[in-house]
Amino acid sequence: MAVPLDIADIPVHFSLAGVTLNAQERAVMQTSLRVKAEAEKLEHLSFWGKILGIQKDYMIAQASGSNLFDRKFFYSVDLTNWLQLPEVTPEDMLMIDKINKKFTGDPSFEYTLVTEETEGEEKAKGQSVNEEKRLSGVIQLMNYEVQIVPRGAYYRDGSLTLQLNPMFKGLQQSELGELTNYCHFREGFNINKKTVLERATNFDETIDIFDSVSGDEPRGVWTIQAERAGSVALLRSLLWPGYVFFHTPAPAKWGGMYYGWGLKNQNIGFMLP
Amino acid sequence: MRVLETRPKNAIDAFEAISSEIKRSRFKAVDAASSIFKPVYDSAPGIETSKVQIQLFNEDPPEDGLGEIPDIMDLSNLWEWAGVSFGREETFMLFLSLRKLVAEKPLKSVRLWGKIHGLRGNYIITEGELKDGASDDDGDLVNGTGESAEEAEDSAAAAAEAETAEQVPVEDPTLPKAKNRVIPPLPKESRAGVNRYVYYVCSYPGAPWQRLPDVIPEKLQISRQIRKYFTGDLKQQIVSYPKFEATEAQYLRCQIARISAATVASPAGYYTFDPEDESEEEGHQPAIIINPEFEGLQNDALLQLTSWVHHVPYILPQGRITWENPYASFKKSDEDGDGDEDEEKEEGEGGADAEELLAESAEPETGPPLLSPLANDEDAAEGGPAWVARACSTLSPVKFTPVTLRSTRWPGAMIVAYNDKFANIYVGDGHGDVGKGMGLSDGMLLPPVLPDIAKEFALIEKEENPDDPDNPILKEMGMIEQKDPTVEEEDAFEEAKRAKEEEAKDAAEEGEEAAEEEEED
């Protein structure tokens with residue numbers, strides 16, 4: 001089971017990035033998530049992030065079973081009632097990737113995409129996707145592109161099952177500020193893509209099971225800063241502005257949260273210096 | 001081991017030598033010759049930050065009579081309701097740091113403007129109003145145009161050199177004067193308009209405050225067209241297209257001005273037009289004062305966009321608040337130069353007339369008046385309202401919950417209000433949404449198209465003639481390289497020339513003879 005984000009950590013650590021949840025949000029969710037987890041027979045339901053909308057904001061929570069990547073997502077607009085997000089088909093995903101509008105706050109809102117093929121004769125064929133699906137798709141995209149964990153926090157056991165590393169004590173002080181020590185929490189790592197040189201230096205097959213974010217393109221898509229006199233490392237994604245990740249070694253704690261409009265930065269190529 | 005293997009006679013000495021060798025590699029000697037060792041101590045990372053911050057706590061509380069500082073500990077509760085926080089401890093340090101700022105600088109009042117995240121460092125930004133008559137000129141240290149920043153760093157000698165270079169304009173009277181005169185830069189507003197407030201930034205609470213330079217109108221125009229992440233280093237040059245040609249400090253200042261003008265607002269009635277200010281000049285910005293009779297609005301009223309007004313004036317496309325004729329100097333310079341430079345007058349007559357016309361015909365730019373409601377704001381580029389209003393708590397009645405307004409055009413800008421208290425704050429990366437004229441429909445940035453490449457010479461164009469295999473190319477146009485003549489061709493040319501000359505001579509002689517004959521007749 002993935003490390004759940006402790007809601008109590010939000011005002012302490014995410015305030016370093018300027019964002020927080022207010023007392024009502026924290027209080028209600030600490031209770032309602034527990035109740036929902038019980039009702040759904042889930043081991044744990046943890047806070048994932050907040051996606052802002054025009055009329056209403058979405059609170060997002062996640063739960064995972066024995067396979068850490070097999071996750072369920074829930075959303076709520078009133079903090080108390082949580083609804084499961086639908087699965088997204090690859091075709092929907094293609095469309096969702098093209099929508100670049102702010103969320104409205106109405107889960108049944110239909111987005112109609114006029115693609116280039118439909119502009120001509122087949123005008124009637126305009127596809128549409130509703131906001132609930134889009135929400136689910138955007139979360140999937142973000143999970144793939146920006147959800148990260150510190151190196152060594154997970155390992156694969158003898159049967160190659162992904163496990164939380166109970167021996168993980170946090171990164172060393174000297175490693176805190178290096179992007180190479182933060183990895184994408186996603187499947188698809190291929191050890192054969194690593195060069196011999198990379199494997200020769202400081203490589204451990206049991207814990208190097210994820211892609212490091214230092215290889216992300218374009219260069220500089222992550223910012224890493226030392227906060228609180230170097231005791232906390234704070235990573236912010238520029239690709240999905242609003243995704244913040246913190247890690248502090250003593251006591252070893254980490255967590256990522258999204259707080260923003262749910263929009264990908266398409267202009268990142270122009271904006272990096 | 002070595003001692004055991006080699007069994008030297010002075011085993012203990014050898015052991016001691018080896019031992020100190022090992023110690024030396026792991027520990028630091030108290031001094032070079034000594035054999036007393038202490039463990040190598042790396043100073044903890046971030047100790048510099050702590051050393052700077054501790055100075056905040058070592059200062060005595062300043063006396064009264066300093067500039068006003070906001071009670072940010074109180075305001076931070078409001079911000080937290082809106083989802084903005086700097087951290088409790090950090091906010092407290094920031095409070096001390098603000099107090100230090102008003103003690104050091106001649107400031108009447110300050111306001112915590114917000115925080116802009118950069119790539120390597122962040123900027124905590126404070127807006128200050130200078131005391132009447134006081135000035136704080138250290139802005140030039142981190143000033144905008146890059147050159148001055150470098151100059152400030154360079155030795156005085158280099159600065160002096162630059163000055164002398166400027167002072168001796170090489171004027172050659174034989175050279176013709178350039179006909180199209182350069183439009184002089186717009187005068188920047190000082191202590192008024194966009195530059196009414198001065199801004200100070202620091203990278204973490206307790207770090208020394210640095211003053212940002214004043215807004216230069218031309219730079220503000222360009223800042224509307226570019227999007228660049230802040231690096232966290234004020235002296236970083238902005239590399240962009242169109243060219244910004246200044247440091248990050250100037251860019252930051254321009255963005256702050258734009259964000260303030262677009263998002264800083266107050267409840268309607270909080271400010272009122274100054275009744276004593278009766279100047280009716282054209283384009284004059286009326287002064288506003290805090291309304292002493294204002295009692296605050298109810299929360300349910302605060303949720304309406306119509307009850308919020310901009311109290312920071314709109315910035316004209318020109319980059320100023322009051323309009324300035326960019327061609328004004330043309331008019332003046334022509335009048336001045338009339339008497340002494342007749343020659344130039346003759347030459348430039350046509351141009352000067354046109355310029356004067358320009359100066360007169362330039363249409364003053366206008367924008368929405370001061371204290372216009374947020375409800376009139378332009379929609380976000382993608383459609384949808386410019387502001388989103390929320391009650392922070394859905395469970396308590398609207399009366400008892402703070403209200404927040406979030407800007408969609410400048411994500412990160414927000415207003416929080418609770419009955420008679422309100423606060424503007426900005427936390428973000430310093431960029432708004434992509435404006436209508438600047439990008440594609442879905443928010444993709446489209447930088448302005450590059451101008452055409454200047455034409456140097458036409459390339460060779462060949463007109464081909466497919467019917468005639470002997471003479472495939474009919475004619476060539478454009479610039480063609482000439483062939484060097486061969487020796488034979490040169491000889492032939494000489495010959496032809498000589499023949500022509502002789503012919504001419506003969507003709508002349510004949511003519512003479514004819515004339516003579518005529519005379520004889």
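Model, not experiment: these values are computed from the prediction. Below, chain A is the first sequence line, B the second, and so on; all start at residue 1.
Residue contact with chain A, scored on non-hydrogen atoms closer than 4.5 Å, is absent for B/Ala389. Only the side chain of A/Glu227 comes within contact range of chain B, with heavy atoms under 4.5 Å apart. Looking at A/Gln24, the atoms closer than 4.5 Å to chain B (heavy atoms on both sides) sit in the backbone and in the side chain alike.
If you check the side chains of B/Glu80 and B/Ser85, you find no donor sitting under 3.5 Å from an acceptor.
Contact tally against chain A (heavy-atom pairs below 4.5 Å) for B/Thr231, B/Asn77, B/Leu395, B/Val239: the top residue is B/Leu395. In terms of heavy-atom pairs under 4.5 Å with chain A, the best-connected choice from B/Thr408, B/Ile425, B/Thr49 is B/Thr408. When each of B/Thr91, B/Ile238, B/Val388 is checked for heavy-atom pairs under 4.5 Å with chain A, B/Val388 comes out on top. Most heavy-atom pairs under 4.5 Å with chain B, from the set A/Gly220, A/Ala226, A/Ala17, A/Pro241: that is A/Ala17. Of all the listed residues (B/Arg88, B/Lys115, B/Arg120), the one sharing the greatest number of non-hydrogen pairs under 4.5 Å with chain A is B/Arg120. Among B/Gly118, B/Pro385, B/Gly412, the residue with the largest count of heavy-atom pairs under 4.5 Å with chain A is B/Gly118. Ranked by non-hydrogen atom pairs under 4.5 Å with chain A, the options B/Gly87, B/Gly232, B/Ser393, B/Ala82 are led by B/Ser393.
Salt bridge status for A/Asp57 with B/Arg390: present, with a side-chain N to carboxylate O gap under 4.0 Å.
Two rings, from B/Phe244 and B/Tyr251, have their centers less than 6.0 Å apart.
Judged by the 6.0 Å distance and 45° axis criteria, A/Lys36 is not positioned over the aromatic ring of A/Trp82.
Taking the six-membered ring where tryptophan is involved, the planes of A/Trp48 and A/Tyr258 are tilted, since the angle between them lies from 30° to 60°.
Taking every heavy atom of both residues into account, A/Tyr111 and A/Thr104 meet most closely at OH-N, 4.0 Å. When every heavy atom of B/Tyr426 is checked against every heavy atom of B/Asp429, the shortest pair comes out as OH-N, 3.8 Å.
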